[in-house]
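Okay, so here's the structure we're looking at.
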Amino acid sequence: MLLGLAKILDCPGASVSFSTSVDLSDLRYGVSYPVSEPVLAQGTVRNTAGVLVMTGELTTTIHGTCDRCARDFDRDIRFPINVVLVTEMADEENEDEWVFPLEGDSADLDDIVRTVFVLNLDSKLLCREDCKGICQRCGKNLNDGPCGCQKELDPRFAALKQLLEK
């Protein structure tokens with residue numbers, strides 16, 4: 001979807017609001033496709049002293065398998081949108097991922113939403129930030145409580161353990 005910005009290009013202080021939903025169900029992340037619902041984006045593009053600044057927020061629900069505990073999960077996410085729109089890229093070689101070129105006098109919202117979503121997504125999909133994972137020995141999900149495995153003693157301390165047993 002293209003967002004027309006012709007009326008604010010030459011008017012410092014002017015702004016345009018936007019609201020859109022983008023289908024990212026084709027987005028592959030690792031071995032999964034975590035987004036099955038539309039990604040909703042809303043915010044404002046403001047001409048600040050001749051610079052077009054887009055601010056807003058993306059919201060959706062991620063469906064995935066936790067990379068630590070292998071449990072399926074659904075999690076609502078919110079990512080901020082904070083990008084700059086330019087009429088032309090000054091230096092293609094040192095391109096900034098948060099700067100987007102205009103197509104004529106319009107911004108490509110689909111491209112911006114996809115890029116902001118991917119750049120904000122964590123490198124690992126986790127059911128929650130403090131996921132404890134699974135026990136390496138028995139495979140129990142440690143989020144459900146501790147397992148019954150005894151911790152392995154570091155072989156360097158084996159001699160000290162013999163002293164404690166006496």
Side-chain angles (χ1 to χ4, degrees), residues 1-135 141-145:
M1 176 180 155
L2 292 177
L3 175 64
L5 301 172
K7 64 183 180 181
I8 69 166
L9 282 176
D10 297 324
C11 300
S15 64
V16 171
S17 295
F18 68 90
S19 180
T20 188
S21 66
V22 178
D23 179 17
L24 296 181
S25 60
D26 64 333
L27 180 69
R28 185 173 181 202
Y29 201 75
V31 296
S32 66
Y33 295 87
V35 184
S36 57
E37 289 140 23
V39 176
L40 304 175
Q42 57 186 8
T44 306
V45 178
R46 177 167 279 114
N47 184 332
T48 307
V51 176
L52 297 179
V53 178
M54 177 184 280
T55 56
E57 184 176 63
L58 302 179
T59 57
T60 193
T61 301
I62 291 181
H63 308 280
T65 302
C66 182
D67 286 335
R68 285 190 190 152
C69 68
R71 182 178 283 169
D72 290 334
F73 70 92
D74 299 331
R75 187 176 70 202
D76 293 333
I77 58 163
R78 295 183 177 283
F79 293 145
I81 300 171
N82 199 3
V83 301
V84 175
L85 306 172
V86 296
T87 54
E88 62 182 60
M89 299 298 265
D91 185 6
E92 296 285 333
E93 202 170 291
N94 297 320
E95 189 175 302
D96 185 347
E97 63 268 6
W98 301 106
V99 176
F100 293 86
L102 294 177
E103 295 179 10
D105 59 1
S106 299
D108 184 354
L109 288 178
D110 293 347
D111 180 46
I112 294 169
V113 168
R114 180 179 287 272
T115 303
V116 169
F117 181 82
V118 169
L119 290 176
N120 279 290
L121 202 56
D122 293 328
S123 60
K124 291 185 180 265
L125 290 178
L126 300 177
C127 58
R128 59 184 202 217
E129 284 189 36
D130 63 341
C131 178
K132 297 177 182 173
I134 58 175
C135 175
N141 188 336
L142 298 175
N143 294 313
D144 299 335

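Starting from 1, each residue takes its place in the sequence as its number.
- Without hydrogens or angle criteria, Ser15 side chain to Val45 main chain gives no donor-acceptor distance under 3.5 Å.
- Under the 4.5 Å side-chain criterion, counting only non-hydrogen atoms from C-beta, Val86 is in contact with Val84.
- In Glu57, the CD atom is crowded: over 12 heavy atoms of neighbouring residues, nucleotides or ligands sit closer than 6.0 Å.
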Working note: Ile77 + Phe117, criterion side-chain contact (heavy atoms from CB on, under 4.5 Å); need CA distance, chi angles, decisive distance, verdict. CA-CA 10 Å; Ile77 58 163; Phe117 181 82; 3.5 Å; yes
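- Between the side chain of Asn141 and the main chain of Ile134, no donor-acceptor pair closer than 3.5 Å is present.
- In this structure, Met54 and Phe18 have side chains that are in contact, with non-hydrogen atoms separated by less than 4.5 Å.
- Here the shortest heavy-atom pairing between Cys131 and Cys66 reads SG-SG, 3.7 Å.
- Here the CG atom belonging to Leu3 is positioned 10.0 Å from the CG atom belonging to Asp108, to the nearest 0.5 angstrom.
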Step-by-step side-chain contact (heavy atoms from CB on, under 4.5 Å) determination, Leu121 to Phe79: CA-CA 9 Å; Leu121 202 56; Phe79 293 145; 4.1 Å; yes
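- In this structure, CG on Asn47 lies 9.5 Å from CG on Leu5, to the nearest 0.5 angstrom.
- Leu27 has its side chain out of reach of Tyr33: every pair of non-hydrogen atoms, C-beta onward, lies at least 4.5 Å apart.
- Atom CG of Asp72 and atom OG1 of Thr65 lie 4.0 Å apart (nearest 0.5 Å).
- Shortest non-hydrogen contact noted between Ser36 and Ser25 is CA-CB, 4.4 Å.
- Between Ser19 atom OG and Leu40 atom CG the span is 7.5 Å, to the nearest 0.5 Å.
- Under 3.5 Å, the side chains of Asp74 and Thr61 contain no donor-acceptor pair of N or O atoms.
- Of the candidates Arg71, Arg128, Lys132, Arg128 is the only one forming a side-chain hydrogen bond (donor to acceptor under 3.5 Å, both in side chains) with Asn143.
- Between Pro80 and Val116, the shortest heavy-atom distance links the atoms O-CG1, 3.6 Å.
- For the pair Thr44/Val53, no side-chain contact is recorded, criterion being any heavy-atom separation below 4.5 Å from C-beta on.
- The existence of a salt bridge linking Arg114 and Asp23 is excluded, since no basic side-chain nitrogen approaches an acidic carboxylate oxygen closer than 4.0 Å.
- Panel note: side chain Asn82, backbone Thr55; no donor-acceptor pair is recorded below 3.5 Å.
- Remark: Asp76 CG to Thr59 OG1 distance equals 8.5 Å, nearest 0.5 Å.
- Here the side chain of Arg75 pairs no donor or acceptor atom with the backbone of Gly64 at under 3.5 angstrom.
- Taken from CG in Asp110 to CG in Leu2, the straight-line distance is 8.0 Å, to the nearest 0.5 Å.
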Just do the side-chain contact (heavy atoms from CB on, under 4.5 Å) check on Leu125 and Phe73 with the steps written out, would you? CA-CA 10 Å; Leu125 290 178; Phe73 70 92; 4.1 Å; yes
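- Within the 4.5 Å cutoff, no side-chain heavy atoms of Leu142 are placed close to those of Asp144.
- The backbone N or O of Lys124 sits nowhere less than 3.5 Å from a side-chain atom of Asp122 that would complete a donor-acceptor pair.
- Ionic pairing of Arg68 and Asp130 is not present here: no N-O contact between side-chain nitrogen and carboxylate oxygen is shorter than 4.0 angstrom.
- Around atom CZ of Arg46, no more than 12 heavy atoms belonging to other residues, nucleotides or ligands sit under 6.0 Å away.
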Applying side-chain contact (heavy atoms from CB on, under 4.5 Å), run through Val113 and Leu58 and close with a yes or a no. CA-CA 8 Å; Val113 168; Leu58 302 179; 3.8 Å; yes
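- In this structure, Pro38 and Ser21 approach most closely via the heavy-atom pair CB-CB, 3.9 Å.
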